[in-house]
Every structure is written in C-alpha cells, then in structure tokens.
Amino acid sequence: METFDYVIIGAGSAGSVLANRLGEDLGTKICVLEAGPSDWHPYIHLPAGFIKTFHMKSINWAYQQEVGPWTGGRSIYAPRGKTLGGSSSINGHIYNRGQRQDFDTWAQMGNRGWGYPDVLPYFKRLERRVGEGDETYRGRSGALTVTTMEWKDPLCEAFMEGAVSLGIPKNPDYNGAIQEGVSYCQRTIEGGLRMSAAKAFLHPAKKRGNVDVRTHAHVTNIILEGKRAVGVRYLKGGRNGTPVEVRASKEVILSGGSYNSPQVLQLSGVGSPELLKSLGIEVRHALPGVGEGLQDHYAPRSVARVKNIKTINELRRGWHLWVEVLKWAATRRGLLSLSPTMVYCFWHSGETAESSDLQLTFTPASYKEGVQGELEDEPGMTVASWQQRPESRGYVRARSSDPFEPPIIQTNYLMEEVDRRVVVAGMKLARRLLASEPLKPYYAYEDFPGPKVQSDDEFLAAVTERGTTTFHPGCTCRMGPASASWAVVDDQLRVHGLQGLRVIDASIMPRMISANLNASTLMIADKASDLIRGKVAPESVKLAGYA
Ligand SMILES: Cc1cc2nc3c(=O)[nH]c(=O)nc-3n(C[C@H](O)[C@H](O)[C@H](O)COP(=O)(O)OP(=O)(O)OC[C@H]3O[C@@H](n4cnc5c(N)ncnc54)[C@H](O)[C@@H]3O)c2cc1C
C-alpha cells in the first residue's frame, strides 16, 4: 500500500492551497484525491462560462436541497464544483473577504488566533491585488490575482449613482478598512480568464514533483485505527471503479467542502451515534456536531424591465454574440469576460444594525425564475439582496451508507425571524434602488416582485416564492472548544477526540460571515498550513481598536 505524509481529500479551494503550502517542503509527499475530473473544460476558464458550468454534471455535484419551511414548497438547487479547483472552478469569481467583526466573532466563540488582526496577514499573503487598495489591508505579491471589473456599463454606472442618491457612499475598496458602500465588484480574474484555486495554487504545486493529484478518485471513507486516522479508501473511476487505499503517515486532511466533508465523516463512523446507527454505520467516534449548523445566504432577485438600452439578455444572442466572441478572442475583454454579478452594495437594514447586514448585487441582466442558470429573453436588470449574517441553521446528513448517494441538505432558510425581517428590508431597498432617479431613463417597470407587493407580508411571500441560494454553505464541521457540544474541530482544525485528522474547508466556519466564501476559505487553508507545519504565524496586523 502506498504511504504519503499527507492525504488531502478534495482538490477544491482549500485543498489546492494546502497542497501548495505543504508541498513547499520538498521532502514531504502529498496525495490529493479528487472525485471529479481535471479542469480542462474551456467553460471553466471563460468567465461567462459560469452559466454553462452551473448545470454541467460532469464537473458539478448538482445537489438538490430538501424543501424548507420557508421556501414555498420548492427544493432549491445547490451546485458545487467537482473538478480541480472545486467550487472555485465554477463560482461567480467574486472576491469578498467579509467584515472584521466576522472573524472577531469566531475568536470570541473560543477560537484562539482567528480574530481579524490574526487572519488579515493570510488574506494579504494569498493575493496579488491589482488596482485600488491600502497596503495595510491588501497584498500585492501572492498567487491569487484579484482585479476590479473593468466593463463600464451605463446601467451599472446609473445604479451606483442611484445608490449614492439614497445616501449609500461609493467605497473604493470593500476589502479594505470598511465594507459598507457601493462599487464595482472585485474578481478572481486575470487577463480575461478565471483564477481558480487550482490555477493559482494546485497546478504550480504539481510542478514541484512531490504532490500526486489523483482525479476520478471518489473517497468512500477515512480509515481509522482506534482513534487515529491512518489512511483513506477511494474508488478509482467512480461507483464501479477499483477500490484503492492510501496511507498517511502524518495526517489525513478532509477538504471536501461544506456538504461533502460531513458526509465523508459520517460514512467513516464519525458523527451523531443516533444518525449513524439509523443508517447501519458502525459508530467509530461519537461527535454530534458533525453536519449540524449549516448556514447559507438566501437571496430573492428583484427584477425591473429595461428600456432605451441593451442588457446582457440581448447582447448574448445573434450577431451581438459573435461580436463579443471576436472581442474576447482579440482583447480578452467584453461580455465573455463578465461575471454573473457586476456591482456590490453593502448597507444596513436599519439604524440599529451593528454593521452592514445587507448585501445587494446588481447585474444588467435577468434570469428565468430568478435562478442564475438561464437568462431571460426580454431586457432586464436584477438586484439580489440577502441578510449577511443569518441566524437560521440547518444540517447535512448522509442519506444512507452509500457514498454515492447525495446527502440530505436542509438549510432551514429564514427559520429565524430576524432573517425574514432583514431580507424583507433588503427587497424594499432593492425596489428603491431600481427606481432611483439616475436609473429612470432605463427603468420601464418592476417585474418582480411587482407593484402589487406592498406590505411586509407580501414581500415575505415574494421572498419565499423566489428566493434562492447564493451558493455559500458553511458551518457544518464547526470550529470551537471541546466543551461546545456543536464543535467538530478545535482551533487548530483537528477533529475533537481523534488523532491524525483535520477538517480544513468552508465547513469549519463557526458562524456565517458577511461575504461570499471563497476568499475566507482560501485564508482558512493558508492559516491551517502554518498550523500543520508548526510555522510561526505572520505578525498580526496592528489596527486601531485592537489591544
Ligand atoms: C455556483 C457557485 C457560485 C459561487 N460564487 C462565489 C463567488 O462569486 N465568490 C465567492 O467567494 N464564493 C463563491 N462561491 C462559493 C465558493 O466558491 C466556495 O465557498 C468555496 O470554493 C468552498 O471551498 P471548499 O474548499 O470548502 O470546497 P470546494 O471548493 O467545493 O472543494 C471541495 C472539493 O472536494 C471534492 N470532493 C468532495 N467530496 C469528495 C469525495 N468523497 N472524494 C473526493 N473528492 C471529493 C469536490 O469535488 C471538490 O473539488 C460559489 C459557489 C458556487 C457553487
């Protein structure tokens, strides 16, 4: 049987960073197991390919969530990347770190070394920021290129002026000192191509020769000897593939993402004893927090019909598209270099909000049923709005002992009253933004939720009818002290009560942050690499307000 120092399960955002950093020690042997194929498909790399990879089952787990109490009887689609780079290879390219309070809260929950001044050096170390940014907050020499949207669309400009007219200031860098305000979005795009975690970290790591990346390797379980993880079993080639075992002399690292990491733990006999017994899985280690606490951002998309200008809905058809194809081929710019979201707006739902609790995004396009997979034919513009720090929590549970059966995903969106209140406030603000004075020349009428919707109850009904995921599941293997019944890993990301096993991905977040999750997942993995290697953490950034 082959033995490596480290076996990493999942070559996604976190797995890619880990392979790179751990592989810097050239004497270290690393095996990375990825269920999906290599990331060769051109739609992964073309930014506008987002709309194609959204449903592409060859590189997407394409999960379906359980019907929730507030989703109007709908099962919400949950795409997840299944290729090198994981979800960073199919995501919307947005680079957004969150607010300092997000990480300070993690530290206050008992996690030493995870406050904002501690994690900021890792955000900086990872990125190569091109464009606006104060050096206190931004990095210039990392591997992950972060650029600002360069397409200057009249509708986007008018939207931003509309925000300013409502008292929302322009913010030159929402990843800087403060998040609040409106601006073009920052993206992981370089030269008109996607900068996935695989491109930035995994492919360069492979070149060193000590990182063995195996695709089509579906991990079925972690091998435990007593309370120690010693290796991993996988099927080479999927369900009917060849069973293979690899050993880890130092550690097994689980980076399967927020849906799959808890499922792999449960399949390995680590989790709630009641759940495991009900599935006929032998309990190897009782840990009730596994899979519990799932959080995500839930967003309705408000749509207005547009006049006097072309939106992306029309530009992606007929001869316009051919012009855009030629433009991209010649300059790597234009429609095909766009992300599904173009402008970001962070604001608060009311005067008493402790910091901006609303995230709104603007796109000069609109989607069928408000779901990002398919554009509408008639001209439209969209504002999505969501509660940044939802309180509602759900769970991920293995459906059976079959590793190929999708897990049960119940996010319980809007279960908590505060989430319903904030998302309704967001939709009301979206209406005011779309109807603002600077957008008037282009605004035909509000299509969704439509003028009949006026009261809070009517807005809430619209939210439940059309809201959807923004693809940010987290918190299913939460980091916290051993005394917390919900905690799965400690602040070194070691699984409580086991040796030789860490979980390192978006699932370890103890609480949802005010951001899309890619940037912080990369940060988590980078910080974890130092913890594993016993490296001294970079000096925390000296910021006003911190001791
Ligand atoms: C459609 C979409 C749009 C998004 N848009 C944005 C955005 O614009 N900005 C942003 O910041 N975030 C965005 N996100 C979220 C962000 O990309 C993820 O939060 C982040 O990539 C999660 O990283 P991860 O390492 O936790 O998991 P992933 O990157 O999902 O990696 C997990 C990897 O593990 C592999 N794996 C899982 N189970 C197994 C198994 N049993 N055996 C072997 N391999 C396995 C998977 O195939 C995958 O490659 C988006 C996500 C999606 C899906």
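Being a predicted model, the structure only gives us computed values, none of them experimental. Each ligand, and each atom within it, is numbered from 1 in the order the structure gives.
Ligand 1 lies nowhere less than 4.0 angstrom from a heavy atom belonging to Asn96. Pro79 counts as a contact of ligand 1, since one of its heavy atoms falls under 4.0 Å from the ligand. Within the 4.0 Å heavy-atom shell around ligand 1 one finds Ser255. Residue contact annotation: Tyr259 has no non-hydrogen atom under 4.0 Å from ligand 1.
Of the listed options Thr341, Thr53, Asn260, Asn260 places a heavy atom closest to atom 38 (N) of ligand 1.
At a heavy-atom distance under 4.0 Å, no atom of Gln263 approaches ligand 1. Contact annotation: for Thr521 versus ligand 1, heavy atoms closer than 4.0 Å belong to the side chain alone. No part of Tyr95 comes within 4.0 Å of ligand 1, judged by heavy-atom distances. The part of Ala217 lying near ligand 1 is the backbone, judged by heavy-atom distances below 4.0 Å.
Remark: side-chain polar atoms of Glu132 are not paired, donor with acceptor, to backbone N or O of Pro172 under 3.5 angstrom.
Between Arg80 and ligand 1, a contact under 3.5 Å exists for no N or O pair. For the pair Ser507 and ligand 1, the shortest N or O to N or O distance does not fall below 3.5 Å.
By the 30° and 60° cut-offs, the orientation of the rings of Trp106 relative to Trp114 is tilted.
In this structure, atom 34 (O) of ligand 1 lies nearest to the protein heavy atom Gly10 CA, 3.2 Å.
A donor-acceptor contact under 3.5 angstrom links the side chains of Arg187 and Ser339, judged on distance only.
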